[in-house]
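Right, one structure below, let's go through it.
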Amino acid sequence: MSPNVEGPNHASAPSAPVLAAYSYCEAVTGTQARNFAYGIRLLPTDKRQAMSALYAFSRRVDDIGDGTLAPGAKLARLEETRALLGRIRDEEIDEDDTDPVAVALAHAARRFPIPLGGLDELIDGVLMDVRGEEYETWEDLKAYCRCVAGAIGRLSLGVFGTVGPGEHAAEYADTLGLALQLTNILRDVREDAGNGRTYLPAEDLAKFGCSEGFRSGRLPAGSDFPGLVHHEVRRARALFTEGYRLLPMLDRRSGACVAAMAGIYRRLLDRIEREPMAVLRGRVSLPPHEKAYVAVRGLSGLDARTISRQTARRRA
């Protein structure tokens, strides 16, 4: 995918039906995107609308995978959603279509060079969930994470665009998505186990004596769960370090959006590192005031300037 360096196509201002569709997607984002909403709010109107459309479609896919339907019904619903994506790609969605998410995403895809194939990858990743796939190695898990999170990073880059040299922007966006997803996996390890899902690589679980899983919240004698968490935290930190190199390639408000979203997850990772056993007691989260602080920090450009200085030192 080639990042957009020329900015969005403003040839077609949104009509009343399209604005209504965007409003619906923004409402979904505001009520359901507990972390991402803080960053998306920092964007100018056109980019905020497009990101909300992407989120609403992605949320629909995730909800199918996480819902209570039988596996066969989930597979059918995902294929229906893929067919809808095909109609969006082929510009077959009318402004008066009854599906506001499709209307908004179709308009956003005309406005910005969004690589819609990334949403096919998301569907592929959720299909892996429905089929109950597990992961032997980090390389196996990374392939899954690229589908469900790296692809979202690349889709978002289609909205953000780049400023200056951006030849590696898609790679960094993908890597930042991996960092966020691995943090999610650590945060949700108990909840996922309760739903019959194990994401952490089997070889890592075995190494730290945790192969029996986490359904009960009780660990077998001799296991080293904190060691396992710290091992995965180090991996996530390396991904954050690499992915943050995207920030200087973005305009100020797009960089603020990314810095806010990633900063919330990085602080969440810090909290998990300080108290690994907390993830076995329930979902670890940040209070709203701390998320707001991270958003303000992102808007200030502090993270982007820090990464720019670090990158310059590496090149010197």
Side-chain angles (χ1 to χ4, degrees), residues 1 21-41 43 47-67 69 74-75 77-89 93 97 99-130 143-160 170 173-185 187-188 192 197 199 243 254 257-258 260-262 264-265:
M1 181 200 74
Y22 277 135
S23 294
Y24 173 85
C25 292
E26 289 190 82
V28 170
T29 302
T31 57
Q32 299 188 44
R34 287 184 292 264
N35 293 326
F36 288 163
Y38 283 85
I40 291 174
R41 291 190 191 111
L43 293 169
K47 293 184 178 183
R48 186 181 69 246
Q49 289 170 336
M51 287 296 294
S52 295
L54 278 173
Y55 177 83
F57 190 94
S58 301
R59 180 74 189 205
R60 178 178 296 181
V61 175
D62 286 340
D63 284 348
I64 294 170
D66 293 337
L69 294 173
K74 289 183 179 182
L75 294 175
R77 287 283 303 279
L78 288 169
E79 289 310 319
E80 289 171 3
T81 306
R82 195 192 297 277
L84 175 62
L85 179 60
R87 291 179 57 217
I88 293 170
R89 185 184 292 112
I93 301 296
D97 193 283
D99 186 335
V101 176
V103 171
L105 184 56
H107 186 272
R110 289 192 297 270
R111 197 185 232 181
F112 295 95
I114 299 172
L116 292 176
L119 291 170
D120 276 306
E121 292 181 57
L122 174 62
I123 293 171
D124 290 339
V126 174
L127 283 169
M128 295 165 75
D129 283 337
V130 174
Y144 166 78
C145 291
R146 286 198 190 285
C147 285
V148 299
I152 301 302
R154 287 177 268 120
L155 285 158
S156 301
L157 187 62
V159 175
F160 297 146
D174 184 279
T175 300
L176 199 53
L178 265 63
L180 270 60
Q181 185 63 23
L182 184 53
T183 304
N184 263 340
I185 287 170
R187 179 195 65 187
D188 297 341
D192 288 333
R197 295 177 183 171
Y199 290 102
S254 296
C257 173
V258 173
M261 291 189 292
I264 287 170
Y265 277 85

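Here the structure is a predicted model, which means the values were calculated and not measured.
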Look up atom [atom1] in [X] and atom [atom2] in [Y], then write down how far apart they are to the nearest 0.5 Å.
X	Y	atom1	atom2	value
R41	R48	CZ	CZ	10.5 Å
L157	I114	CG	CD1	11.0 Å
L105	L85	CG	CG	7.0 Å
T175	R154	OG1	CZ	9.5 Å
E79	I123	CD	CD1	7.5 Å
N35	R187	CG	CZ	6.5 Å

Inset, instruction - Using atom types as modelled and distance alone, determine if a side-chain donor or acceptor of Y55 lies under 3.5 Å from a backbone N or O of Q32. - result: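 Side chain of Y55 to backbone of Q32: a pair is present.
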For [X] versus [Y], what's the shortest heavy-atom pair and its separation?
X	Y	value
S254	L43	CA-CD2, 3.8 Å
G118	A151	O-CB, 3.4 Å
A173	G153	CB-O, 3.5 Å
S156	M51	OG-CE, 3.3 Å
L155	P115	CD2-O, 3.0 Å
T183	Y265	CG2-O, 3.6 Å

Answer yes or no: is there a side-chain heavy-atom contact under 4.5 Å between [X] and [Y]?
X	Y	value
L182	C145	no
L119	I88	no
F36	I264	no

Inset, instruction - Quick one: list whatever passes ring pair (Phe, Tyr, Trp, His ring centres under 6.0 Å) with Y22, sequence neighbours left out. - result: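 Y22 satisfies ring pair (Phe, Tyr, Trp, His ring centres under 6.0 Å) with H107 only.
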Legend entry - Any residue meeting ring pair (Phe, Tyr, Trp, His ring centres under 6.0 Å) with Y144, in chain and number order, not counting sequence neighbours: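 Y144 satisfies ring pair (Phe, Tyr, Trp, His ring centres under 6.0 Å) with Y135, Y199 once adjacent residues are dropped.
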Inset, instruction - Dump the intermediate steps for side-chain contact (heavy atoms from CB on, under 4.5 Å) on I64 and E80, then the final yes or no. - result: CA-CA 11 Å; I64 294 170; E80 289 171 3; over 6 Å; no
Inset, instruction - May I ask you to decide whether R59 forms a salt bridge with D66, counting only side-chain N to carboxylate O separations under 4.0 Å? - result: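 Salt bridge flag = no for D66 with R59.
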Inset, instruction - Salt-bridge test for R87 and D99: reply yes if a basic N is under 4.0 Å from a carboxylate O, no otherwise. - result: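 Not counted as a salt bridge, because no side-chain N and carboxylate O are separated by less than 4.0 Å.
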Inset, instruction - Could you walk me through whether L122 and D62 pass side-chain contact (heavy atoms from CB on, under 4.5 Å), step by step? - result: CA-CA 9 Å; L122 174 62; D62 286 340; 4.0 Å; yes
Inset, instruction - Check the surroundings of atom CZ in R77: do more than 12 heavy atoms from other residues, nucleotides or ligands lie under 6.0 Å from it? - result: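 It does not: R77 CZ has 12 such atoms or fewer within range.
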Legend entry - CA sep, side-chain torsions, deciding dist, call: D124, R82, side-chain contact (heavy atoms from CB on, under 4.5 Å): CA-CA 10 Å; D124 290 339; R82 195 192 297 277; 2.8 Å; yes
Inset, instruction - Can you sort out the partners of D192 under salt bridge (charged side-chain N to carboxylate O under 4.0 Å, His left out), two or more places apart, ordered by chain and number? - result: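 Expected list: none.
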